[in-house]
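Below is one structure, written out as structure tokens, with a few remarks after it.
Because only heavy atoms are used, hydrogens play no part in the values below, and waters and symmetry mates are left out as well, while side chains stay in. Lettering follows sequence order; numbering is per chain, from 1.
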Amino acid sequence: MRATVAAIPEGTVATYGDVASYAGATTPRLIGRILSEDGADLPWHRVLRANGTPAEHLVTKQLELLRSEGVPSANGRVDLRAYRWDGS
DNA sequence: ATCCTGACTGCCC
DNA sequence: TGGGCAGCCAGGA
């Protein structure tokens, strides 16, 4: 699972649901939980919610990091249609 | 064993 | 568009 998150290409993002699916996690919540505990060394900033917005606590920092990677965040959220990770 | 909480999602008004 | 509701997993009190 941690490997899955780490595999997310730069300049790309994925939803908790996606990561959960690719990583074999049974529920998205598990992803958030793991990330909050073991996500320190992972590109967690590339993981967003289903609507393209990051979690309240991270909004600022996450969008900043993404922006520096080439992922334009419009109006506090990312354009999933264009930057969503396809899983490969 | 039970209850609460949390970086979530999808479905249904 | 926006809000409510029920599943989900793990760890701590």
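At whole-Å resolution of the value, CZ in A:R46 and C1' in B:dA7 are 17 Å apart. With rounding to whole Å, A:H57 atom NE2 is found 8 Å from B:dG6 atom P. We find that CD1 of A:I34 is positioned 12 Å from C1' of B:dG6, with the value rounded to whole Å. The distance from atom CG of A:D38 to atom P of C:dC9 is 19 Å, rounded to the nearest whole Å. Distance, A:L66 CG to B:dA7 P: 18 Å, rounded to whole Å.
A donor-acceptor pair under 3.5 Å is formed between the side chain of A:Q62 and the backbone N or O of A:V47.
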Using the 3.5 Å cut-off, write out each protein N or O paired with an N or O of nucleotides 8-12 of chain B and the distance between them.
from  : atom 1 : to    : atom 2 : distance (Å)
B:dC8 : N4     : A:R29 : NH1    : 2.8
B:dT9 : OP1    : A:A50 : N      : 2.8
B:dT9 : OP2    : A:A50 : N      : 3.0

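With rounding to the nearest 0.5 Å, the separation of CG in A:L63 from CG in A:L58 is 9.5 Å. With values rounded to the nearest 0.5 angstrom, A:I31 atom CD1 is found 12.5 Å from A:R29 atom CZ.
Contact detail for A:V71 and A:Y83: the closest heavy-atom pair is CG1-CG, 4.2 Å. Heavy-atom minimum distance, A:L80 versus A:A50: CD1-O, 3.2 Å. Closest approach of A:Y16 to A:P28, counting heavy atoms only: CB-CB, 4.1 Å.
Within the nucleic acid shown, A:L58 comes within 4.0 Å of at least one base atom, counting heavy atoms only. Looking at heavy-atom distances under 4.0 Å, A:S36 makes contact with a base.
Comparing the P positions of C:dA6 and B:dC3 gives a spacing of 16 Å, expressed to the nearest Å.
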